[in-house]
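Here the structure is laid out as structure tokens; the discussion comes afterwards.
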Amino acid sequence: MISKIKFPKSELHCDYTFNGGQAFRWKIGSDGKWIGVFAHRVWKLWQDDNFIFYEVYPPKNSASASADEETLLKEYLRSDESLSDLYKDWSKRDRMFEEAAKKFTGVRMLKQDPVEIIFTFICSSNNNITRIKSMVDKMSKFYGNEIAEVDGETYHDFPTVEKLAHPSVLSDLQKAAFGYRAKFIQQSANKIMEFGGQEWINRLEKLPYKEAKAELIKLPGIGAKVADCICLMSLNHLEAIPVDTHVFQIAARYYLPHLKTMKSVTERVYNEIGDHFRSVFGDYAGWGHSVLFCDELKGFKDETSGSKRKKSQTKENRKCSKN
DNA sequence: GGCCGACCTGTGAG
DNA sequence: ACTCACAGGTCGG
């Protein structure tokens, strides 16, 4: 059954939102529609200028079920937030944003599941998008419940923490080429169980941002950057700014020139950058910054505009000291 | 407190 | 075919 909700494209641009580095379970099917998993269901999504159309699997027929699903979709998209209002506010606050906003319309910050985001971003460190996606798929396939078969492919829910805490997970994931992240995943799952499992996770959303972040950093494989991703994308702490290498470069180039001499991002600098963007963009700084940095994402590099900054000599370190 | 190298793996440029 | 750097970092010394 196909349903639809009114949702102008200016409020959601599926390509930028689903492919922008915040979600790793969306792909475009052979029919050209987005297909992905959230809220324990498989969703097919597509849009025109004014509506989002969707189908849910396994299909439900009763009207009450579909009303329920509309709510789930709206929560996932944070439909209560007016993106046009946010864009107006951010544009007023920052000239760089004003420019980026012309190109990257409809970038929403999704409200994703904390468990999935925690383990997805543990995988993200020092890694590339393709492999991160395949790792998320593997975790789901190994330990997640089967949800539905769509177009000949079986989709799985993301596993529970309890499943990921099982001792066999370490060797399973090592065999599946997770590398050093296998240990982080299994150990973090265990620690979350020790801390109280889902209740501990629920508490993270209620805690103030900085306290939630401090809790997350207790988990192995989670440092400042990954903790901020988790806060921003799944815990409603929209002021969290994940400072990666790109953000650092841009911050030093356009906002905080004195950082140009820094060799690496220390904790102090990390916080300085976050605080700066929070002072510029306000309470939803993390969301705003994600629009700003769309331009830095590989997937969105416009090959027709030859204005790519050459990566050039930002790293003149010739330290080929091999044994 | 800051800096440096090691770290699993897959991929793509040279 | 075969290095080698790099990829949304984290950890330990």
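To find a chain, count down the sequence lines: A is the first, B the second, and so on, and within it residues start at 1.
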Measure the distance from [atom1] on [X] to [atom2] on [N] and round it to the nearest whole Å.
| X | N | atom1 | atom2 | answer |
| --- | --- | --- | --- | --- |
| A:M135 | C:dG8 | CE | P | 13 Å |
| A:I122 | C:dG8 | CD1 | C1' | 15 Å |
| A:H246 | C:dA7 | NE2 | P | 7 Å |
| A:I129 | C:dG9 | CD1 | P | 10 Å |
| A:F24 | C:dA7 | CZ | P | 15 Å |
| A:D244 | C:dC6 | CG | C1' | 14 Å |
| A:I185 | B:dC8 | CD1 | C1' | 12 Å |
| A:I132 | C:dC6 | CD1 | P | 18 Å |

Taking the same atom, [atom1], in [N] and in [M], what whole-Å distance lies between them?
| N | M | atom1 | answer |
| --- | --- | --- | --- |
| C:dA1 | B:dT9 | P | 23 Å |
| B:dC8 | C:dG13 | P | 15 Å |
| B:dC3 | C:dG8 | P | 24 Å |

The criterion is salt bridge (Lys or Arg N to Asp or Glu O under 4.0 Å); which residues satisfy it with [X], sequence neighbours excluded?
| X | answer |
| --- | --- |
| A:E98 | A:R95 |
| A:D151 | A:K44 |
| A:E272 | A:R268 |
| A:E211 | none |

Report, one pair per line, the protein and nucleotides 10-13 of chain C atoms (nitrogen or oxygen only) whose separation is under 3.5 Å.
{"residue": "C:dT10", "atom": "OP1", "partner": "A:G223", "partner atom": "N", "Å": "2.9"}
{"residue": "C:dT10", "atom": "OP1", "partner": "A:G223", "partner atom": "O", "Å": "3.4"}
{"residue": "C:dT10", "atom": "OP1", "partner": "A:V226", "partner atom": "N", "Å": "2.9"}
{"residue": "C:dC11", "atom": "OP1", "partner": "A:G221", "partner atom": "N", "Å": "2.9"}

Handout entry: Per-nucleotide protein contact string for nucleotides 9-14 of chain B (B base, S sugar-phosphate only, - none; heavy atom under 4.0 Å)
Key = BS----

Problem - Salt bridge present between A:K163 and A:D157 (N-O < 4.0 angstrom) - result: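 No, A:K163 and A:D157 are not salt-bridged.
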
Exercise for the section: Would you please classify the geometry between the A:F281 ring and the A:F97 ring as parallel, tilted or perpendicular, with 30° and 60° separating the classes? Expected result: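 Geometry flag for A:F281 against A:F97: perpendicular rings.
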
Exercise for the section: Sequence neighbours left out, what passes ring pair (Phe, Tyr, Trp, His ring centres under 6.0 Å) with A:F119? Give chain and number order. Expected result: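 Not a single residue meets the ring pair (Phe, Tyr, Trp, His ring centres under 6.0 Å) criterion with A:F119.
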
Practice task
Hey, could you give me each pair passing ring-ring contact (aromatic ring centres under 6.0 Å, His included) that has a residue in residues 140-168 of chain A? Not counting sequence neighbours.
Solution key: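 The answer is none; no pair qualifies.
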
Problem - Side-chain hydrophobic cluster, 4.5 Å single linkage: members besides A:I5 - result: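 Under the 4.5 Å side-chain rule, A:I5 groups with A:F7, A:L12, A:F18, A:W26, A:I28, A:W34, A:F38, A:W43, A:L45, A:I52, A:Y54, A:V56, A:L72, A:L73, A:Y76, A:L77, A:L110.
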
Fill in the blank from the handout: Its dot-bracket string being built from Watson-Crick and G-U pairs below 3.5 Å, with | for another strand and [ ] for crossing, DNA chain B has the pattern ..|||||.||||||

Exercise for the section: Could you list the residues that satisfy side chain to side chain donor-acceptor pair (under 3.5 Å) with A:Y270, not counting sequence neighbours? Expected result: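 Residues passing side chain to side chain donor-acceptor pair (under 3.5 Å) with A:Y270: A:D228.
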
Handout entry: Pairwise salt bridge (Lys or Arg N to Asp or Glu O under 4.0 Å) hits with a residue in residues 5-24 of chain A, at least two apart
Key =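 The answer is A:E11-A:R108.
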
